[in-house]
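We count ligands from 1, going down the list as the structure has it; atoms in each ligand are counted the same way.
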Amino acid sequence: MANLLRPATWGLFSWRGYCSRGTQGRLSAGFVEALKAIVGSPHVSTAAVVREQHGHDESMHMCQPPDAVVWPQNVEQVSQLAALCYGQGVPIIPFGTGSGLEGGVCAVQGGVCVNLIRMDRILELNPEDFSVVVEPGVTRKALNTHLRDCGLWFPVDPGADASLCGMAATGASGTNSVRYGTMRDNVLNLEVVLPGGRQLHTAGRGRRFWKSAAGYNLTGLFVGSEGTLGLITAATLRLHPVPEATVAATCAFPTVQAAVDSTVHILQAAVPVARIEFLDEVMMDACNRHSKLNCYVAPTLFLEFHGSEQALAEQVQRTEEVIRHNGGSHFSWAKEAEERSRLWAARHSAWYASLALWPGCKGYSTDVCVPISRLSEILVQTKEDLEAWRLTGSASLPRAPGAGRGGAGAAALSFGPPGTVVGHVGDGNFHCILLVDPEDPEELLRAQAFAEQLGRSGRSGRRGGAAGRGARGEGAPAERPFRLPPRRALALHGTCTGEHGIGLGKRQLLLEEVGVVGMETMRQLKATLDPRGLMNPGKVL
Ligand SMILES: Cc1cc2nc3c(=O)[nH]c(=O)nc-3n(C[C@H](O)[C@H](O)[C@H](O)COP(=O)(O)OP(=O)(O)OC[C@H]3O[C@@H](n4cnc5c(N)ncnc54)[C@H](O)[C@@H]3O)c2cc1C
């Protein structure tokens with residue numbers, strides 16, 4: 001079998017260094033033939049354009065193409081691929097829909113990208129047990145379309161139409177998580193092909209219980225493992241009954257603080273809100289433009305309530321009281337399904353609405369989550385930082401016809417591509433979407449400075465350094481210390497990622513978050529399952 005390897009690596013490769021970036025695209029012909037023998041010739045590609053498509057996700061991380069892409073059609077083929085690659089020291093990179101935002105699919109050491117999207121069957125639906133078993137190519141929208149007539153639905157809804165197993169791999173969440181939980185709460189069992197090709201059922205073959213005290217929680221270990229421990233080839237998911245009635249709402253606030261205070265008060269009042277999403281005024285403006293909404297431009301909450309007609313009336317009344325108490329205004333209720341879909345489609349398109357504010361720019365999304373009691377503190381500070389860095393403001397952008405009238409926030413000046421803030425605030429999770437001109441190195445530095453948190457103690461990285469706007473002579477350096485969002489989140493007992501994962505860029509932050517012993521324990525688990533370090537190398541740890 002060793003003669004299947006590229007000649008240049010014969011006898012020389014170490015299990016880490018087999019595929020340096022300089023030698024990508026040069027798997028030996030024999031190895032490629034072996035891949036074809038497993039999945040069939042039409043399901044293997046070494047074409048540069050295909051490899052490039054699979055070398056990046058939706059993030060800013062540089063494209064790092066794999067050496068080959070394969071599309072298995074069943075779990076046996078996945079097992080054989082894993083055994084072949086592992087036996088030959090070839091890295092394996094699982095690929096879902098490529099919508100990740102942390103560079104999880106970049107082939108940093110080359111290797112074989114296993115695109116699982118052609119395994120797209122819904123294997124088993126058990127309505128009476130509220131569960132379904134899906135293959136890795138099934139996306140969240142495809143599942144909900146399939147469930148349409150059975151009175152059940154799957155609520156975890158990242159903005160992209162991601163694959164459900166990719167969502168399990170990243171521990172994804174979405175707008176419904178405040179009520180229905182994240183992937184961590186909604187995965188009951190996983191079928192996983194381990195690096196050497198063995199098949200594992202994390203909760204036992206065919207099991208679909210809601211609770212168990214049997215041994216270690218292997219399902220929990222694989223949810224959020226980002227392809228570094230094995231390939232998820234089927235997921236058993238928990239379904240929920242479609243609510244009898246649904247109503248959505250938007251309302252505007254005079255300040256960010258008022259919007260966040262309302263969120264906290266609604267949760268404290270035990271209103272079982274299904275969705276509660278925050279958009280700052282710049283994001284609200286962007287969504288108006290992109291999705292042809294006509295919302296008032298101000299810090300805004302999008303809300304949704306699920307229940308019986310009677311329960312909804314009560315939830316809505318209590319929520320209105322809280323919001324009015326916090327100075328909220330411009331209520332708009334959406335009862336019809338079409339109106340609601342329009343609203344949530346706009347929310348799910350927030351990333352693209354941001355990108356459309358400054359055509360040609362790339363988006364960089366931060367993703368922190370803090371205990372709910374610290375949410376207003378971090379959001380208000382982050383907004384101030386965006387302003388101090390002149391990363392906010394939309395007044396200089398041409399206003400779209402029919403776009404909502406501006407509130408106080410919309411009057412901010414714009415000095416460059418605006419940063420937007422949007423978040424699943426009911427969970428304490430929010431994102432700053434920074435727009436960066438890829439041709440402008442200073443712009444890139446500035447975004448990096450913001451997102452990579454220069455100041456460990458929160459005291460370095462002041463605006464006015466090389467990365468700040470002040471470097472262009474456009475303003476005086478800020479005097480106050482600048483603590484950037486992820487480290488600030490850690491300081492507030494939060495996490496550096498609420499839902500996008502660690503991927504390539506947040507490994508140092510993971511260490512700071514879980515500590516040396518936590519990191520060492522994760523490394524030991526990885527080494528046990530993947531002793532040769534070939535499963536999606538370079539990610540998470
Ligand atoms: C517009 C937009 C909005 C988004 N909104 C949200 C949001 O609200 N919440 C949220 O959580 N995320 C969000 N995301 C990020 C992204 O959609 C999620 O991270 C999603 O879970 C990725 O799924 P995927 O199928 O695209 O995985 P990919 O991007 O293909 O892969 C992501 C990671 O999972 C691994 N992986 C994929 N499939 C498997 C598998 N079968 N077995 C093992 N490992 C696997 C990959 O190796 C990689 O490390 C958004 C992205 C975009 C572009």
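Under the 4.0 Å criterion applied to side-chain N and carboxylate O atoms, Lys383 and Glu281 are assigned as salt-bridge partners. Contact check on Arg179 versus Asp427 returns no salt bridge, with no Lys/Arg side-chain nitrogen under 4.0 Å from an Asp/Glu carboxylate oxygen. Of the charged side-chain nitrogens involved, none lies within less than 4.0 Å of a carboxylate oxygen, so that Asp185 and Arg238 do not count as a salt-bridged pair. With salt bridges taken as basic N to acidic carboxylate O contacts below 4.0 Å, one links Glu124 and Arg208. In summary, Glu226 and Lys539 do not engage in a salt bridge, as defined by a charged side-chain N under 4.0 Å from a carboxylate O.
In terms of polar-atom proximity, Gly104 is counted as a contact of ligand 1, with an N or O under 3.5 Å from an N or O of the ligand. For a threshold of 3.5 Å applied to N or O pairs, the pair formed by Gly100 and ligand 1 contains at least one separation below that value. Residue contacts with ligand 1: Ala160 is placed with no nitrogen or oxygen under 3.5 Å of a nitrogen or oxygen of the ligand (distance criterion only). Between Ala162 and ligand 1, a contact under 3.5 Å exists for no N or O pair. Close N/O approach between Glu226 and ligand 1 is found [any backbone or side-chain N/O within under 3.5 Å]. At least one N/O-N/O distance between Ser173 and ligand 1 falls below 3.5 Å. Taking distance alone, with nitrogen or oxygen atoms compared against 3.5 Å, His348 stays at or beyond that limit from ligand 1. Ligand 1 has no nitrogen or oxygen under 3.5 angstrom from a nitrogen or oxygen of Leu116.
Taking only non-hydrogen atoms, the option from Cys165, Cys106, Gly166 nearest to atom 27 (O) of ligand 1 is Gly166. Taking only non-hydrogen atoms, the option from Glu135, Arg140, Glu277, His500 nearest to atom 12 (N) of ligand 1 is His500. Nearest to atom 42 (N) of ligand 1 by heavy-atom distance, out of Asp157, Ile232, Val193, Thr97, is Ile232. Scanning Ser365, Ala169, Ser99, Ser225 for the heavy atom closest to atom 34 (O) of ligand 1 points to Ala169. Closest heavy-atom approach to atom 19 (O) of ligand 1 within the set Thr170, Thr182, Val156: this belongs to Thr170. Nearest residue to atom 13 (C) of ligand 1 from Pro136, Pro158, Ala107 is Pro158 (criterion: closest heavy atom).
Under the 4.5 Å side-chain criterion, counting only non-hydrogen atoms from C-beta, Asn115 is not in contact with Val70. Between Phe154 and Asn186, the closest side-chain pair of non-hydrogen atoms falls below 4.5 Å. Under the 4.5 Å side-chain criterion, counting only non-hydrogen atoms from C-beta, Val134 is not in contact with Leu123.
Although no hydrogens or angles enter the test, the distance criterion places no donor-acceptor pair under 3.5 Å between the side chain of Asp67 and the main chain of Gly110. Checked by atom type and distance alone, the side chain of Ser177 never pairs as donor or acceptor with a backbone atom of Ser173 at under 3.5 Å.
Glu191 and Thr233 share a side-chain donor-acceptor pair at under 3.5 Å. If you check the side chains of Glu304 and Trp344, you find a donor sitting under 3.5 Å from an acceptor. Side-chain N/O atoms of His43 and Gln77 include no donor and acceptor closer than 3.5 Å.
Within the structure, the closest approach of Met183 to ligand 1 does not fall below 4.0 Å when heavy atoms are considered. Ligand 1 lies out of reach of Phe222, whose nearest heavy atom is not under 4.0 Å from it.
Ser163 OG, 2.7 Å is the protein heavy atom nearest to atom 25 (O) of ligand 1. Of all protein heavy atoms, the one closest to atom 31 (O) of ligand 1 is Val105 CG1, 3.6 Å. Counting protein heavy atoms only, atom 50 (C) of ligand 1 is closest to Leu101 CD1, 3.7 Å. Atom 4 (C) of ligand 1 has its closest protein heavy atom at Gly159 N, 3.5 Å. In this structure, the protein non-hydrogen atom closest to atom 28 (P) of ligand 1 is Gly98 N, 3.6 Å. In this structure, atom 46 (C) of ligand 1 lies nearest to the protein heavy atom Pro94 O, 3.2 Å.
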Walk me through it: do Asn126 and Val132 pass the test side chain to side chain contact (heavy atoms under 4.5 Å, CB included)? CA-CA 6 Å; Asn126 298 292; Val132 68; over 6 Å; no
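Of the heavy atoms in Glu58, only side-chain atoms (C-beta onward) come closer than 4.0 Å to ligand 1. In Lys539, neither the side chain nor the backbone holds a heavy atom less than 4.0 Å from any atom of ligand 1.
Contact atoms of ligand 1 toward Tyr352: 1 (C), 53 (C) (distance under 4.0 Å to a heavy atom of the residue). The Gly230 neighbourhood of ligand 1 comprises atoms 43 (C), with distances under 4.0 Å to a heavy atom of that residue. Near His424, meaning under 4.0 Å from any of its heavy atoms, are these atoms of ligand 1: 8 (O). Proximity to Asn536 (heavy-atom distance under 4.0 Å) selects the following atoms of ligand 1: 47 (O), 49 (O). The Ala172 neighbourhood of ligand 1 comprises atoms 11 (O), 21 (O), with distances under 4.0 Å to a heavy atom of that residue. Atom numbering of ligand 1 starts at 1 in the shown order; those under 4.0 Å from a heavy atom of Gly227 are 43 (C), 44 (N). Residue Trp351 approaches ligand 1 through these ligand atoms, each under 4.0 Å from one of its heavy atoms: 1 (C).
When the shell of 6.0 Å around CD of Glu338 is examined, it contains 12 or fewer heavy atoms from other residues, nucleotides or ligands. Applying the 6.0 Å contact sphere to CZ of Arg198 captures no more than 12 heavy atoms from other residues, nucleotides or ligands.
Contact between Glu102 and Ser365 at its shortest, heavy atoms only, is OE2-O, 4.3 Å.
Between His431 and His500, the ring planes are parallel. Angles under 30° get that label, and only those over 60° would be called perpendicular.
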